**Student:** 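Take a look at this one; I'll ask things after.
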Number of protein chains: 2
Amino acid sequence: MLLTIDPNNGLPIYDQIVRQVKFAIASGALRPGELVPSVREAAKQAAVNPNTVARAYRELQAEGVLRRVRGTGLAVTEDAPAYCRKERVKLLEERLRQVLEEAAQSGLSEAELRQLVEKQLRLLSRSRGRRGSS
Amino acid sequence: MLLTIDPNNGLPIYDQIVRQVKFAIASGALRPGELVPSVREAAKQAAVNPNTVARAYRELQAEGVLRRVRGTGLAVTEDAPAYCRKERVKLLEERLRQVLEEAAQSGLSEAELRQLVEKQLRLLSRSRGRRGSS
DNA sequence: CATGGTGTACTATTTAGATAGTATACCATG
DNA sequence: CATGGTATACTATCTAAATAGTACACCATG
């Protein structure tokens with residue numbers, strides 16, 4: 001479980017953490033029963049304040065994604081994978097919708113918009129390929 | 001020149017204003033020499049504080065998009081359209097890249113990602129059609 | 001049973017964004 | 001030349017996000 005925080009991502013740090021944990025569970029990288037990094041450990045690794053991590057974990061517990069194991073840490077619940085897969089689609093769709101809406105309001109035609117999207121998808125698959133092959 | 005502000009857009013209000021003015025110029029809705037709505041007028045229309053509008057306009061002047069006409073208001077410069085068309089692509093690409101990158105990190109395959117994008121593009125063109133026809 | 005690692009709670013401080021209110025300098029208009 | 005609309009500057013206040021530091025309750029481990 002590796003957290004990568006981008007301070008000027010638009011999203012608050014605690015929200016980035018929430019999303020990344022959900023995504024890790026959705027993708028199977030984190031499985032039910034597994035422990036999430038401790039508040040202090042995650043904070044150190046992400047160069048972020050422990051309170052910020054604690055806030056993210058508090059939200060994840062409130063949503064039923066994590067449960068507390070006394071004296072041990074926070075574990076992924078049994079229901080989390082199904083829930084997180086739904087969340088993943090929902091969260092990504094929402095951000096995508098906002099961006100595409102702004103693009104439409106900017107006066108771009110649908111064709112120009114599709115070109116933009118294609119360009120970014122190509123760039124993305126290229127960097128993905130490099131990551132996989134090296 | 002109509003400003004539509006979404007308080008929970010992720011972007012700060014002053015930034016939304018900056019972008020919308022640039023987009024209006026890029027699309028030709030605002031042309032060189034034309035006056036932008038006054039700070040007070042824009043603030044009232046968008047239900048926002050005049051200082052927030054003033055901050056956005058200050059940035060637009062610093063970028064050479066608007067120039068001050070003493071005692072009259074702020075006018076679009078001659079160089080603005082070319083500049084704003086470049087900016088439009090740049091600003092949209094940046095946001096789009098962030099979203100697609102997050103989607104890739106979430107474990108979605110490229111095929112699933114493309115499906116998501118297609119779905120949102122379809123929803124978008126549908127609402128566009130409604131806007132145009134009604 | 002003491003140690004050390006868990007999460008949690010609490011208060012205080014800092015920063016950015018936004019609001020509120022006031023004051024000022026400018027000038028087109030009548 | 002007075003009026004009113006323009007941008008601008010300034011201080012103060014408010015909120016959310018993030019940081020900082022401290023303290024506490026819990027319990028697995030040795």
Side-chain angles (χ1 to χ4, degrees), chain A residues 1 3-21 25 30 33-77 80 95 98, chain B residues 1 3-21 30 33-77 80 91 95 98:
Chain A
M1 176 76 243
L3 294 175
T4 61
I5 299 305
D6 178 9
N8 36 1
N9 189 15
L11 295 178
I13 294 178
Y14 76 91
D15 206 15
Q16 294 183 44
I17 297 175
V18 168
R19 294 166 79 101
Q20 288 189 29
V21 171
I25 296 172
L30 263 179
E34 280 191 71
L35 293 179
V36 94
S38 79
V39 167
R40 294 171 178 80
E41 172 57 30
K44 190 169 54 177
Q45 183 260 308
V48 145
N49 195 279
N51 285 330
T52 305
V53 178
R55 172 168 179 184
Y57 284 180
R58 203 184 319 139
E59 286 207 18
L60 288 166
Q61 285 179 81
E63 288 190 73
V65 172
L66 300 181
R67 63 183 162 83
R68 196 172 160 187
V69 183
R70 287 298 174 92
T72 303
L74 295 173
V76 176
T77 65
R95 280 196 81 185
Q98 287 178 347
Chain B
M1 177 74 243
L3 294 175
T4 61
I5 299 305
D6 177 9
N8 37 359
N9 188 15
L11 295 178
I13 295 177
Y14 77 92
D15 205 16
Q16 294 183 43
I17 297 175
V18 167
R19 295 166 79 99
Q20 287 189 29
V21 170
L30 264 179
E34 280 191 72
L35 293 179
V36 94
S38 80
V39 168
R40 296 172 179 79
E41 172 58 29
K44 190 169 52 174
Q45 184 260 308
V48 146
N49 194 279
N51 286 329
T52 303
V53 178
R55 171 167 180 185
Y57 284 180
R58 202 184 320 136
E59 285 206 18
L60 288 166
Q61 285 178 79
E63 287 189 72
V65 173
L66 300 181
R67 63 184 161 82
R68 198 173 159 186
V69 183
R70 287 299 173 92
T72 303
L74 296 172
V76 175
T77 64
L91 294 174
R95 280 195 82 186
Q98 286 179 347

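Chain A is the first sequence line, chain B the second, and so forth, proteins listed ahead of strands; every chain is numbered from 1. All values derive from a computational prediction rather than experimental measurement.
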**Student:** Which residues satisfy the side-chain hydrogen bond (donor to acceptor under 3.5 Å, both in side chains) test with A:Arg55, sequence neighbours excluded?
**Tutor:** A:Tyr14

**Student:** Let me know the distance between CZ of B:Arg58 and P of C:dG17, rounded to the nearest Å.
**Tutor:** 12 Å

**Student:** Check the distance between D:dC26's C1' and A:Leu74's CG and give it to me in whole angstrom.
**Tutor:** 13 Å

**Student:** To the nearest Å, give me how far apart CG (B:Leu35) and P (C:dC27) are.
**Tutor:** 16 Å

**Student:** Is there, by distance only and without an angle test, a donor paired with an acceptor across the side chain of A:Arg40 and the base of C:dG7 below 3.5 Å?
**Tutor:** yes

**Student:** Between CE of A:Met1 and CG of A:Leu35, what distance do you get to the nearest 0.5 Å?
**Tutor:** 13.5 Å

**Student:** Distance-only criterion, 3.5 Å: show the donor-acceptor pairs between side-chain atoms of residues 37-47 of chain A and protein atoms not counting sequence neighbours.
**Tutor:**
from	atom 1	to	atom 2	distance (Å)
A:Ser38	OG	A:Glu41	N	3.0
A:Gln45	OE1	A:Leu3	N	3.3
A:Gln45	NE2	A:Leu3	O	3.0

**Student:** Round to the nearest Å and state the distance from B:Glu41 atom CD to D:dG4 atom C1'.
**Tutor:** 15 Å

**Student:** Can you tell me if A:Arg55 touches the phosphate of D:dA17, counting only side-chain N or O atoms and a distance under 4.0 Å to OP1 or OP2?
**Tutor:** yes

**Student:** Which listed nucleotide (D:dA7, D:dT19, C:dG7) is nearest to the side chain of A:Asn49?
**Tutor:** D:dT19

**Student:** Between A:Val76 and A:Leu66, is any pair of side-chain heavy atoms under 4.5 Å apart?
**Tutor:** yes

**Student:** In residues 14-21 of chain A, which residues come under 4.0 Å of DNA chain C by heavy atom?
**Tutor:** none

**Student:** Could I get a table of every N or O pair under 3.5 Å where one atom is in the protein and the other is in nucleotides 10-13 of chain C?
**Tutor:**
none

**Student:** Excluding sequence neighbours, so at least two apart, what forms side-chain hydrogen bond (donor to acceptor under 3.5 Å, both in side chains) with A:Gln98?
**Tutor:** A:Glu94

**Student:** Just how far, in rounded Å, is P of D:dA18 from CG of A:Asn9?
**Tutor:** 11 Å

**Student:** Tell me: CG of A:Leu60 to P of C:dG7, nearest whole Å?
**Tutor:** 13 Å

**Student:** Drop me the distance from B:Glu59's CD to B:Ile17's CD1, to the nearest 0.5 angstrom.
**Tutor:** 10.5 Å

**Student:** For A:Thr4 and A:Gln16, which heavy atoms make the closest approach, and how far apart are they?
**Tutor:** O-OE1, 4.2 Å

**Student:** In whole angstroms, how far is the C1' atom of D:dA16 from the CG atom of A:Leu11?
**Tutor:** 15 Å

**Student:** If only side-chain N and O atoms of A:Ser38 are considered, is one of them under 4.0 Å from the OP1 or OP2 phosphate oxygen of C:dG5?
**Tutor:** no

**Student:** CG of A:Asp15 to OG1 of A:Thr52: how many Å apart, nearest 0.5 Å?
**Tutor:** 12.0 Å

**Student:** OP1 or OP2 of D:dA7 sitting under 4.0 Å from any side-chain N/O of B:Gln61?
**Tutor:** no

**Student:** 5'-most contact on DNA chain D: A:Arg68 or A:Ile13, nearest heavy atom basis?
**Tutor:** A:Ile13

**Student:** Is a side-chain donor or acceptor of A:Thr77 paired with a backbone partner of A:Arg67 at a separation under 3.5 angstrom?
**Tutor:** no

**Student:** Any base atoms under 4.0 Å from B:Val69, or only sugar-phosphate, or nothing? Heavy atoms, all strands.
**Tutor:** nothing

**Student:** Testing the basics here: between A:Asn51 and A:Asn49, what is the closest heavy-atom pair and its distance to 0.1 Å?
**Tutor:** N-OD1, 2.9 Å

**Student:** Can you give me the N/O atom pairs linking the protein to nucleotides 28-30 of chain C at distances under 3.5 Å, or say none if there are none?
**Tutor:**
none

**Student:** Is the shortest side-chain N/O distance from A:Thr52 to OP1 or OP2 of D:dT19 below 4.0 Å?
**Tutor:** yes

**Student:** Can you check the B:Glu59 CD to C:dA18 P distance for me, whole Å?
**Tutor:** 11 Å

